[in-house]
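Here the structure is laid out as C-alpha coordinates; the discussion comes afterwards.
These numbers were taken from a predicted model, which means no experiment stands behind them. Within every chain, numbering begins at 1; the chains are lettered A, B, ... in the order of the sequence lines, protein sequences first and strands thereafter.
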Protein chains: 2
Amino acid sequence: MDTAQLDQDASSLSLAATLADRIGEAIATGIYAPGSKLDEVELADRYGVSRTPVREALIQLGAAGFITMRPRRGASVAQISALRLVEMFDVMAELEAFCARLAARRSSPEELAQLRLTHLACEEAVKVNDPEVYYLRNESFHHMLYKLSHNDFLEEQALALSRRLRPYRRLQLRVRSRVLSSFSEHGEVVDAICAGSEDQAALAIRSHVTVQGERFADLMTSMIGKTQAEV
Amino acid sequence: MDTAQLDQDASSLSLAATLADRIGEAIATGIYAPGSKLDEVELADRYGVSRTPVREALIQLGAAGFITMRPRRGASVAQISALRLVEMFDVMAELEAFCARLAARRSSPEELAQLRLTHLACEEAVKVNDPEVYYLRNESFHHMLYKLSHNDFLEEQALALSRRLRPYRRLQLRVRSRVLSSFSEHGEVVDAICAGSEDQAALAIRSHVTVQGERFADLMTSMIGKTQAEV
DNA sequence: TAGTTAAATATTGTATACATATTTAATCCT
DNA sequence: AGGATTAAATATGTATACAATATTTAACTA
(Lines give C-alpha, C1' and ligand atoms only; values in the text may rest on other atoms or scores of the structure.)
Protein backbone atom coordinates (compact mmCIF):
# COMPACT_ATOMS: atom_id res chain seq x y z
CA MET A 1 0.00 0.00 0.00
CA ASP A 2 1.87 3.02 1.23
CA THR A 3 5.30 2.55 -0.24
CA ALA A 4 6.76 5.28 1.96
CA GLN A 5 6.48 3.53 5.27
CA LEU A 6 7.77 6.04 7.77
CA ASP A 7 9.84 4.41 10.45
CA GLN A 8 8.75 6.21 13.57
CA ASP A 9 9.27 3.13 15.67
CA ALA A 10 11.39 4.16 18.63
CA SER A 11 12.28 0.57 19.42
CA SER A 12 14.01 0.28 16.06
CA LEU A 13 16.67 2.75 17.14
CA SER A 14 20.14 1.38 17.62
CA LEU A 15 21.44 0.59 21.07
CA ALA A 16 24.14 3.21 20.67
CA ALA A 17 21.58 5.93 20.01
CA THR A 18 19.41 5.05 22.99
CA LEU A 19 22.52 4.71 25.12
CA ALA A 20 23.62 8.19 24.14
CA ASP A 21 20.23 9.43 25.29
CA ARG A 22 20.31 7.54 28.57
CA ILE A 23 23.87 8.42 29.46
CA GLY A 24 23.32 12.00 28.34
CA GLU A 25 20.24 12.20 30.53
CA ALA A 26 22.20 10.76 33.44
CA ILE A 27 24.86 13.41 32.95
CA ALA A 28 22.28 16.19 32.75
CA THR A 29 20.59 14.90 35.88
CA GLY A 30 23.89 14.84 37.66
CA ILE A 31 24.05 11.11 38.24
CA TYR A 32 27.50 11.23 36.71
CA ALA A 33 29.25 14.19 38.29
CA PRO A 34 31.31 16.59 36.20
CA GLY A 35 34.90 15.42 35.91
CA SER A 36 34.09 11.85 36.86
CA LYS A 37 35.50 9.17 34.63
CA LEU A 38 33.18 7.12 32.46
CA ASP A 39 34.50 3.60 32.37
CA GLU A 40 33.50 1.77 29.23
CA VAL A 41 33.20 -1.71 30.71
CA GLU A 42 31.38 -0.36 33.74
CA LEU A 43 28.84 1.41 31.53
CA ALA A 44 28.64 -1.64 29.32
CA ASP A 45 27.51 -4.04 32.00
CA ARG A 46 25.49 -1.38 33.77
CA TYR A 47 23.35 -1.10 30.66
CA GLY A 48 23.72 -4.75 29.76
CA VAL A 49 25.49 -4.28 26.46
CA SER A 50 28.98 -4.70 25.07
CA ARG A 51 31.61 -1.98 24.85
CA THR A 52 30.93 -1.28 21.20
CA PRO A 53 27.63 0.60 21.51
CA VAL A 54 28.94 2.27 24.66
CA ARG A 55 31.90 3.67 22.78
CA GLU A 56 29.69 4.88 19.97
CA ALA A 57 27.42 6.62 22.45
CA LEU A 58 30.40 8.24 24.16
CA ILE A 59 31.69 9.52 20.85
CA GLN A 60 28.31 11.12 20.18
CA LEU A 61 28.20 12.71 23.60
CA GLY A 62 31.74 13.92 23.12
CA ALA A 63 30.86 15.60 19.86
CA ALA A 64 27.88 17.24 21.53
CA GLY A 65 30.15 18.60 24.25
CA PHE A 66 28.72 16.68 27.17
CA ILE A 67 31.90 14.72 27.78
CA THR A 68 35.55 15.22 27.00
CA MET A 69 37.55 12.46 25.42
CA ARG A 70 41.30 12.23 25.55
CA PRO A 71 43.04 9.66 23.35
CA ARG A 72 43.98 6.52 25.19
CA ARG A 73 42.78 7.86 28.51
CA GLY A 74 39.07 7.61 28.24
CA ALA A 75 36.03 9.77 28.62
CA SER A 76 34.97 11.92 31.53
CA VAL A 77 32.00 14.15 32.15
CA ALA A 78 32.73 17.63 30.86
CA GLN A 79 33.73 20.04 33.56
CA ILE A 80 32.41 23.48 32.77
CA SER A 81 34.12 26.34 34.54
CA ALA A 82 32.19 29.35 35.75
CA LEU A 83 33.79 31.47 33.05
CA ARG A 84 32.88 29.07 30.30
CA LEU A 85 29.34 28.81 31.63
CA VAL A 86 28.96 32.57 31.35
CA GLU A 87 30.36 32.39 27.85
CA MET A 88 27.86 29.73 26.90
CA PHE A 89 24.96 31.70 28.33
CA ASP A 90 26.18 34.73 26.39
CA VAL A 91 26.02 32.79 23.15
CA MET A 92 22.67 31.33 24.13
CA ALA A 93 21.40 34.84 24.74
CA GLU A 94 22.56 35.96 21.33
CA LEU A 95 20.95 32.97 19.60
CA GLU A 96 17.69 33.59 21.38
CA ALA A 97 17.87 37.28 20.60
CA PHE A 98 18.12 36.37 16.95
CA CYS A 99 15.18 34.01 17.34
CA ALA A 100 13.12 36.75 18.96
CA ARG A 101 14.06 39.20 16.25
CA LEU A 102 13.00 36.79 13.53
CA ALA A 103 9.88 35.83 15.45
CA ALA A 104 8.82 39.46 15.64
CA ARG A 105 9.45 39.79 11.93
CA ARG A 106 7.88 36.60 10.66
CA SER A 107 5.21 35.29 12.99
CA SER A 108 1.60 34.98 11.87
CA PRO A 109 -1.28 35.98 14.17
CA GLU A 110 -1.96 32.30 14.84
CA GLU A 111 1.62 31.75 15.88
CA LEU A 112 1.54 34.79 18.13
CA ALA A 113 -1.56 33.35 19.76
CA GLN A 114 0.34 30.13 20.41
CA LEU A 115 3.17 32.07 21.96
CA ARG A 116 0.74 33.82 24.31
CA LEU A 117 -0.67 30.44 25.26
CA THR A 118 2.70 29.08 26.32
CA HIS A 119 3.20 32.27 28.28
CA LEU A 120 -0.13 31.73 30.05
CA ALA A 121 0.96 28.20 30.88
CA CYS A 122 3.99 29.70 32.61
CA GLU A 123 1.72 32.01 34.56
CA GLU A 124 -0.23 29.05 35.90
CA ALA A 125 3.00 27.45 37.02
CA VAL A 126 3.92 30.62 38.86
CA LYS A 127 0.55 30.63 40.62
CA VAL A 128 0.86 26.99 41.60
CA ASN A 129 4.30 27.90 42.92
CA ASP A 130 6.00 24.75 41.69
CA PRO A 131 9.52 25.44 40.42
CA GLU A 132 9.71 22.11 38.65
CA VAL A 133 6.55 22.78 36.70
CA TYR A 134 7.72 26.27 35.89
CA TYR A 135 11.01 24.85 34.70
CA LEU A 136 9.16 22.70 32.17
CA ARG A 137 6.76 25.43 31.03
CA ASN A 138 9.66 27.84 30.74
CA GLU A 139 11.42 25.35 28.52
CA SER A 140 8.38 25.09 26.28
CA PHE A 141 8.22 28.85 26.06
CA HIS A 142 11.80 29.11 24.86
CA HIS A 143 11.36 26.22 22.45
CA MET A 144 8.36 28.01 21.00
CA LEU A 145 10.56 31.03 20.47
CA TYR A 146 13.09 28.95 18.58
CA LYS A 147 10.35 27.60 16.34
CA LEU A 148 8.93 31.04 15.64
CA SER A 149 12.27 32.06 14.19
CA HIS A 150 11.21 30.10 11.12
CA ASN A 151 14.83 29.11 10.71
CA ASP A 152 15.10 25.36 11.21
CA PHE A 153 18.85 25.38 11.50
CA LEU A 154 18.76 28.12 14.09
CA GLU A 155 16.09 26.19 15.96
CA GLU A 156 18.30 23.10 16.03
CA GLN A 157 21.33 25.02 17.21
CA ALA A 158 19.37 26.77 19.93
CA LEU A 159 17.88 23.48 21.06
CA ALA A 160 21.28 21.83 21.20
CA LEU A 161 22.81 24.57 23.30
CA SER A 162 19.80 24.80 25.58
CA ARG A 163 20.11 21.08 26.22
CA ARG A 164 23.69 21.57 27.31
CA LEU A 165 22.71 24.37 29.65
CA ARG A 166 19.66 22.62 30.98
CA PRO A 167 21.00 21.54 34.38
CA TYR A 168 22.23 25.04 35.11
CA ARG A 169 18.95 26.61 34.08
CA ARG A 170 17.16 24.35 36.46
CA LEU A 171 19.49 25.44 39.23
CA GLN A 172 18.73 29.09 38.61
CA LEU A 173 15.02 28.51 38.99
CA ARG A 174 15.56 27.09 42.42
CA VAL A 175 15.42 30.64 43.64
CA ARG A 176 11.80 31.70 44.04
CA SER A 177 12.44 35.31 43.13
CA ARG A 178 14.09 34.18 39.92
CA VAL A 179 10.91 32.42 38.86
CA LEU A 180 8.94 35.59 39.35
CA SER A 181 11.33 37.84 37.47
CA SER A 182 11.71 35.20 34.78
CA PHE A 183 7.99 35.25 34.15
CA SER A 184 7.76 39.01 34.00
CA GLU A 185 10.69 39.10 31.58
CA HIS A 186 8.86 36.62 29.39
CA GLY A 187 6.00 39.09 29.34
CA GLU A 188 8.19 41.81 27.92
CA VAL A 189 9.43 39.45 25.23
CA VAL A 190 5.91 38.42 24.26
CA ASP A 191 4.73 42.02 24.10
CA ALA A 192 7.64 43.11 21.96
CA ILE A 193 7.25 40.23 19.55
CA CYS A 194 3.51 40.73 19.22
CA ALA A 195 4.13 44.43 18.61
CA GLY A 196 6.63 43.50 15.95
CA SER A 197 9.37 45.42 17.75
CA GLU A 198 12.44 43.46 16.71
CA ASP A 199 15.02 45.42 18.65
CA GLN A 200 12.99 45.49 21.81
CA ALA A 201 12.30 41.77 21.60
CA ALA A 202 15.97 41.04 21.07
CA LEU A 203 16.99 43.21 23.99
CA ALA A 204 14.39 41.72 26.29
CA ILE A 205 15.30 38.10 25.67
CA ARG A 206 19.00 38.85 25.72
CA SER A 207 18.92 40.33 29.18
CA HIS A 208 16.58 37.52 30.21
CA VAL A 209 19.08 34.84 29.26
CA THR A 210 22.41 36.47 29.99
CA VAL A 211 23.96 35.57 33.31
CA GLN A 212 25.23 38.66 35.04
CA GLY A 213 25.31 40.48 38.35
CA GLU A 214 23.09 38.94 40.97
CA ARG A 215 21.98 36.29 38.50
CA PHE A 216 25.57 35.13 38.39
CA ALA A 217 25.83 35.11 42.14
CA ASP A 218 22.62 33.09 42.38
CA LEU A 219 23.88 30.56 39.89
CA MET A 220 27.24 30.19 41.58
CA THR A 221 25.84 29.77 45.06
CA SER A 222 23.32 27.21 43.90
CA MET A 223 26.09 25.37 42.08
CA ILE A 224 28.48 25.15 44.96
CA GLY A 225 25.62 24.55 47.37
CA LYS A 226 24.58 21.32 45.70
CA THR A 227 27.43 18.91 45.33
CA GLN A 228 27.72 16.08 42.84
CA ALA A 229 24.30 14.71 42.11
CA GLU A 230 22.86 18.17 41.72
CA VAL A 231 25.21 20.11 39.55
CA MET B 1 62.75 14.45 33.84
CA ASP B 2 59.71 16.39 32.72
CA THR B 3 56.96 14.42 34.34
CA ALA B 4 54.27 16.27 32.44
CA GLN B 5 55.12 15.07 28.99
CA LEU B 6 52.61 16.82 26.83
CA ASP B 7 51.27 14.55 24.17
CA GLN B 8 51.36 16.76 21.10
CA ASP B 9 52.30 13.82 18.94
CA ALA B 10 49.88 13.74 16.06
CA SER B 11 50.74 10.15 15.31
CA SER B 12 49.44 9.15 18.73
CA LEU B 13 45.92 10.12 17.73
CA SER B 14 43.47 7.30 17.26
CA LEU B 15 42.72 5.99 13.83
CA ALA B 16 39.10 6.99 14.23
CA ALA B 17 40.07 10.61 14.89
CA THR B 18 42.38 10.89 11.92
CA LEU B 19 39.81 9.10 9.79
CA ALA B 20 37.18 11.64 10.77
CA ASP B 21 39.56 14.34 9.63
CA ARG B 22 40.40 12.66 6.36
CA ILE B 23 36.84 11.73 5.45
CA GLY B 24 35.61 15.14 6.58
CA GLU B 25 38.21 16.79 4.39
CA ALA B 26 37.19 14.59 1.49
CA ILE B 27 33.60 15.64 1.97
CA ALA B 28 34.51 19.32 2.18
CA THR B 29 36.64 19.00 -0.95
CA GLY B 30 33.75 17.39 -2.74
CA ILE B 31 35.42 14.03 -3.32
CA TYR B 32 32.34 12.48 -1.79
CA ALA B 33 29.39 14.24 -3.38
CA PRO B 34 26.41 15.35 -1.29
CA GLY B 35 23.84 12.62 -1.02
CA SER B 36 26.25 9.86 -1.95
CA LYS B 37 26.30 6.84 0.27
CA LEU B 38 29.32 6.13 2.44
CA ASP B 39 29.85 2.40 2.49
CA GLU B 40 31.58 1.25 5.65
CA VAL B 41 33.53 -1.64 4.16
CA GLU B 42 34.51 0.42 1.13
CA LEU B 43 35.86 3.19 3.35
CA ALA B 44 37.49 0.59 5.56
CA ASP B 45 39.64 -0.97 2.89
CA ARG B 46 40.14 2.33 1.12
CA TYR B 47 41.87 3.59 4.24
CA GLY B 48 43.30 0.23 5.14
CA VAL B 49 41.51 -0.21 8.45
CA SER B 50 38.65 -2.25 9.85
CA ARG B 51 35.05 -1.13 10.05
CA THR B 52 35.30 -0.17 13.71
CA PRO B 53 37.29 3.06 13.39
CA VAL B 54 35.34 3.90 10.24
CA ARG B 55 32.06 3.70 12.10
CA GLU B 56 33.42 5.83 14.93
CA ALA B 57 34.58 8.44 12.46
CA LEU B 58 31.20 8.43 10.73
CA ILE B 59 29.45 8.94 14.04
CA GLN B 60 31.64 11.95 14.74
CA LEU B 61 30.98 13.41 11.31
CA GLY B 62 27.30 12.76 11.78
CA ALA B 63 27.26 14.64 15.06
CA ALA B 64 29.08 17.52 13.40
CA GLY B 65 26.44 17.64 10.68
CA PHE B 66 28.61 16.64 7.75
CA ILE B 67 26.78 13.42 7.13
CA THR B 68 23.33 12.09 7.91
CA MET B 69 22.88 8.71 9.47
CA ARG B 70 19.70 6.73 9.34
CA PRO B 71 19.40 3.65 11.53
CA ARG B 72 20.05 0.45 9.68
CA ARG B 73 20.50 2.20 6.38
CA GLY B 74 23.88 3.72 6.63
CA ALA B 75 25.51 7.09 6.28
CA SER B 76 25.44 9.48 3.37
CA VAL B 77 26.98 12.86 2.77
CA ALA B 78 24.65 15.56 4.05
CA GLN B 79 22.63 17.20 1.36
CA ILE B 80 22.11 20.83 2.16
CA SER B 81 19.23 22.51 0.42
CA ALA B 82 19.47 26.09 -0.80
CA LEU B 83 17.03 27.17 1.90
CA ARG B 84 18.99 25.51 4.65
CA LEU B 85 22.21 26.98 3.33
CA VAL B 86 20.73 30.45 3.61
CA GLU B 87 19.59 29.63 7.12
CA MET B 88 23.07 28.50 8.07
CA PHE B 89 24.65 31.62 6.65
CA ASP B 90 22.12 33.69 8.57
CA VAL B 91 23.19 32.07 11.82
CA MET B 92 26.85 32.40 10.84
CA ALA B 93 26.27 36.10 10.23
CA GLU B 94 24.72 36.51 13.63
CA LEU B 95 27.54 34.67 15.38
CA GLU B 96 30.13 36.79 13.60
CA ALA B 97 28.17 39.93 14.38
CA PHE B 98 28.39 39.00 18.03
CA CYS B 99 32.10 38.36 17.64
CA ALA B 100 32.58 41.75 16.01
CA ARG B 101 30.58 43.44 18.73
CA LEU B 102 32.68 41.85 21.45
CA ALA B 103 35.86 42.52 19.52
CA ALA B 104 35.04 46.20 19.33
CA ARG B 105 34.32 46.19 23.03
CA ARG B 106 37.24 44.14 24.31
CA SER B 107 40.22 44.29 21.99
CA SER B 108 43.53 45.75 23.11
CA PRO B 109 45.58 48.01 20.83
CA GLU B 110 47.94 45.12 20.15
CA GLU B 111 45.07 42.92 19.10
CA LEU B 112 43.67 45.62 16.86
CA ALA B 113 47.08 45.86 15.23
CA GLN B 114 46.97 42.11 14.58
CA LEU B 115 43.55 42.46 13.02
CA ARG B 116 44.84 45.15 10.68
CA LEU B 117 47.71 42.88 9.72
CA THR B 118 45.41 40.06 8.66
CA HIS B 119 43.45 42.63 6.70
CA LEU B 120 46.61 43.76 4.96
CA ALA B 121 47.36 40.14 4.12
CA CYS B 122 44.00 39.99 2.37
CA GLU B 123 44.87 43.12 0.42
CA GLU B 124 47.99 41.46 -0.89
CA ALA B 125 45.96 38.50 -2.03
CA VAL B 126 43.61 40.84 -3.86
CA LYS B 127 46.54 42.48 -5.62
CA VAL B 128 48.04 39.16 -6.61
CA ASN B 129 44.60 38.30 -7.94
CA ASP B 130 44.64 34.72 -6.72
CA PRO B 131 41.20 33.61 -5.46
CA GLU B 132 42.65 30.59 -3.70
CA VAL B 133 45.09 32.70 -1.72
CA TYR B 134 42.38 35.20 -0.92
CA TYR B 135 40.17 32.37 0.26
CA LEU B 136 42.84 31.38 2.78
CA ARG B 137 43.62 34.92 3.95
CA ASN B 138 39.92 35.62 4.23
CA GLU B 139 39.57 32.60 6.44
CA SER B 140 42.37 33.83 8.69
CA PHE B 141 40.68 37.20 8.93
CA HIS B 142 37.43 35.70 10.11
CA HIS B 143 39.19 33.38 12.52
CA MET B 144 40.96 36.39 13.97
CA LEU B 145 37.58 37.97 14.50
CA TYR B 146 36.38 34.93 16.40
CA LYS B 147 39.43 35.07 18.61
CA LEU B 148 39.01 38.77 19.33
CA SER B 149 35.58 38.05 20.78
CA HIS B 150 37.47 36.84 23.85
CA ASN B 151 34.78 34.23 24.25
CA ASP B 152 36.35 30.82 23.74
CA PHE B 153 33.05 29.02 23.46
CA LEU B 154 31.81 31.47 20.87
CA GLU B 155 35.06 31.07 19.00
CA GLU B 156 34.63 27.29 18.93
CA GLN B 157 31.05 27.52 17.74
CA ALA B 158 31.93 30.00 15.03
CA LEU B 159 34.82 27.83 13.89
CA ALA B 160 32.63 24.75 13.75
CA LEU B 161 29.97 26.41 11.67
CA SER B 162 32.50 28.06 9.38
CA ARG B 163 34.03 24.65 8.75
CA ARG B 164 30.66 23.37 7.63
CA LEU B 165 30.15 26.29 5.31
CA ARG B 166 33.68 26.22 3.98
CA PRO B 167 33.04 24.63 0.57
CA TYR B 168 30.26 27.10 -0.17
CA ARG B 169 32.37 30.07 0.87
CA ARG B 170 35.04 28.96 -1.51
CA LEU B 171 32.48 28.80 -4.29
CA GLN B 172 31.37 32.35 -3.65
CA LEU B 173 34.91 33.63 -4.01
CA ARG B 174 35.11 32.14 -7.48
CA VAL B 175 33.51 35.32 -8.67
CA ARG B 176 36.18 37.98 -9.07
CA SER B 177 33.88 40.87 -8.15
CA ARG B 178 32.98 39.06 -4.97
CA VAL B 179 36.61 39.05 -3.88
CA LEU B 180 36.82 42.78 -4.37
CA SER B 181 33.62 43.60 -2.50
CA SER B 182 34.57 41.09 0.20
CA PHE B 183 37.80 42.92 0.83
CA SER B 184 36.19 46.35 0.98
CA GLU B 185 33.57 44.99 3.40
CA HIS B 186 36.37 43.71 5.58
CA GLY B 187 37.69 47.24 5.64
CA GLU B 188 34.45 48.56 7.05
CA VAL B 189 34.51 45.90 9.75
CA VAL B 190 38.08 46.70 10.73
CA ASP B 191 37.40 50.41 10.88
CA ALA B 192 34.31 49.97 13.01
CA ILE B 193 36.05 47.63 15.43
CA CYS B 194 39.08 49.89 15.77
CA ALA B 195 36.77 52.82 16.37
CA GLY B 196 35.00 50.82 19.03
CA SER B 197 31.68 51.16 17.23
CA GLU B 198 29.94 47.97 18.26
CA ASP B 199 26.73 48.45 16.33
CA GLN B 200 28.49 49.48 13.17
CA ALA B 201 30.89 46.56 13.38
CA ALA B 202 28.02 44.13 13.91
CA LEU B 203 26.09 45.55 10.99
CA ALA B 204 29.07 45.50 8.68
CA ILE B 205 30.03 41.90 9.31
CA ARG B 206 26.41 40.76 9.26
CA SER B 207 25.77 42.11 5.79
CA HIS B 208 29.18 40.78 4.76
CA VAL B 209 28.29 37.22 5.71
CA THR B 210 24.58 37.04 4.99
CA VAL B 211 23.65 35.51 1.66
CA GLN B 212 21.03 37.60 -0.06
CA GLY B 213 20.09 39.16 -3.35
CA GLU B 214 22.76 38.88 -5.98
CA ARG B 215 25.03 37.11 -3.50
CA PHE B 216 22.44 34.36 -3.39
CA ALA B 217 22.23 34.23 -7.17
CA ASP B 218 26.01 34.02 -7.39
CA LEU B 219 26.14 31.19 -4.92
CA MET B 220 23.39 29.24 -6.61
CA THR B 221 24.80 29.56 -10.09
CA SER B 222 28.25 28.54 -8.94
CA MET B 223 26.73 25.59 -7.12
CA ILE B 224 24.74 24.24 -10.01
CA GLY B 225 27.54 25.11 -12.39
CA LYS B 226 30.00 22.78 -10.74
CA THR B 227 28.61 19.32 -10.39
CA GLN B 228 29.67 16.68 -7.88
CA ALA B 229 33.32 17.04 -7.14
CA GLU B 230 33.03 20.78 -6.73
CA VAL B 231 30.06 21.41 -4.52
C1' DT C 1 3.77 -8.25 -18.62
C1' DA C 2 3.07 -6.06 -14.29
C1' DG C 3 2.80 -6.85 -9.64
C1' DT C 4 3.57 -9.58 -5.59
C1' DT C 5 6.04 -12.76 -2.79
C1' DA C 6 10.01 -15.30 -1.34
C1' DA C 7 14.72 -16.46 -1.36
C1' DA C 8 19.40 -14.75 -1.66
C1' DT C 9 22.64 -11.25 -0.85
C1' DA C 10 24.58 -7.43 1.18
C1' DT C 11 25.01 -4.15 4.99
C1' DT C 12 24.44 -2.47 9.40
C1' DG C 13 24.58 -3.31 14.53
C1' DT C 14 26.62 -5.75 18.35
C1' DA C 15 29.69 -8.92 20.73
C1' DT C 16 34.06 -10.88 21.48
C1' DA C 17 39.06 -11.26 20.93
C1' DC C 18 43.41 -9.30 20.47
C1' DA C 19 47.00 -5.38 20.49
C1' DT C 20 48.83 -1.47 22.55
C1' DA C 21 49.18 2.21 25.72
C1' DT C 22 48.53 3.84 30.46
C1' DT C 23 48.09 3.37 35.24
C1' DT C 24 49.27 1.11 39.39
C1' DA C 25 52.16 -1.87 42.20
C1' DA C 26 56.42 -3.74 43.26
C1' DT C 27 61.31 -3.78 43.22
C1' DC C 28 65.77 -1.94 43.34
C1' DC C 29 69.37 1.23 44.23
C1' DT C 30 71.69 5.11 46.41
C1' DA D 1 63.34 6.01 53.42
C1' DG D 2 62.74 8.21 49.06
C1' DG D 3 62.84 8.40 44.39
C1' DA D 4 63.45 6.14 40.17
C1' DT D 5 62.97 1.98 37.38
C1' DT D 6 60.69 -1.98 36.06
C1' DA D 7 56.88 -5.26 35.95
C1' DA D 8 52.04 -6.46 36.51
C1' DA D 9 47.41 -4.99 35.94
C1' DT D 10 43.99 -2.31 33.79
C1' DA D 11 41.80 0.26 30.12
C1' DT D 12 41.48 1.91 25.50
C1' DG D 13 41.83 1.17 20.38
C1' DT D 14 41.25 -1.96 16.60
C1' DA D 15 40.12 -6.22 14.22
C1' DT D 16 37.29 -10.03 13.50
C1' DA D 17 33.09 -12.81 14.13
C1' DC D 18 28.36 -13.20 14.55
C1' DA D 19 23.38 -11.54 14.45
C1' DA D 20 19.68 -8.96 12.68
C1' DT D 21 17.70 -6.10 9.35
C1' DA D 22 17.51 -4.02 4.40
C1' DT D 23 18.01 -4.45 -0.19
C1' DT D 24 18.23 -6.90 -4.27
C1' DT D 25 17.20 -10.62 -7.24
C1' DA D 26 14.48 -14.38 -8.73
C1' DA D 27 10.46 -16.89 -8.93
C1' DC D 28 5.69 -17.03 -9.25
C1' DT D 29 0.85 -15.64 -9.94
C1' DA D 30 -2.92 -13.29 -12.08
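- B:S182 and B:Y134 form a side-chain donor-acceptor contact under 3.5 Å, judged by distance and modelled atom types alone.
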Subject >> Dot-bracket encoding per residue of DNA chain C, Watson-Crick/G-U cut-off under 3.5 Å, | denoting interstrand >> reply: ||||||||||||||||||||||||||||||
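- Side chain to side chain, B:E96 and B:Y146 meet the donor-acceptor criterion of an N or O pair below 3.5 Å.
- Closest approach of B:A57 to B:A16, counting heavy atoms only: CB-O, 3.6 Å.
- Atoms CZ and OG1, from A:R73 and A:T68 in turn, are 12.0 Å apart once rounded to the nearest 0.5 Å.
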**OP:** Using a 4.0 Å cut-off on protein heavy atoms (strictly under), produce a 5'-to-3' string for nucleotides 11-17 of chain C with B for base contact, S for backbone-only sugar-phosphate contact, and - for none.
**Re:** SBBBBBB
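- Distance check, rounded to the nearest 0.5 Å: NE2 of B:H186 to CG of B:L115 gives 10.0 Å.
- A pairwise comparison of heavy atoms in B:R101 and B:A202 identifies NH2-CB, 3.5 Å as the closest pair.
- Remark: B:H150 pairs with B:E111 by the side chain to side chain donor-acceptor pair (under 3.5 Å) rule, at least two apart or across chains.
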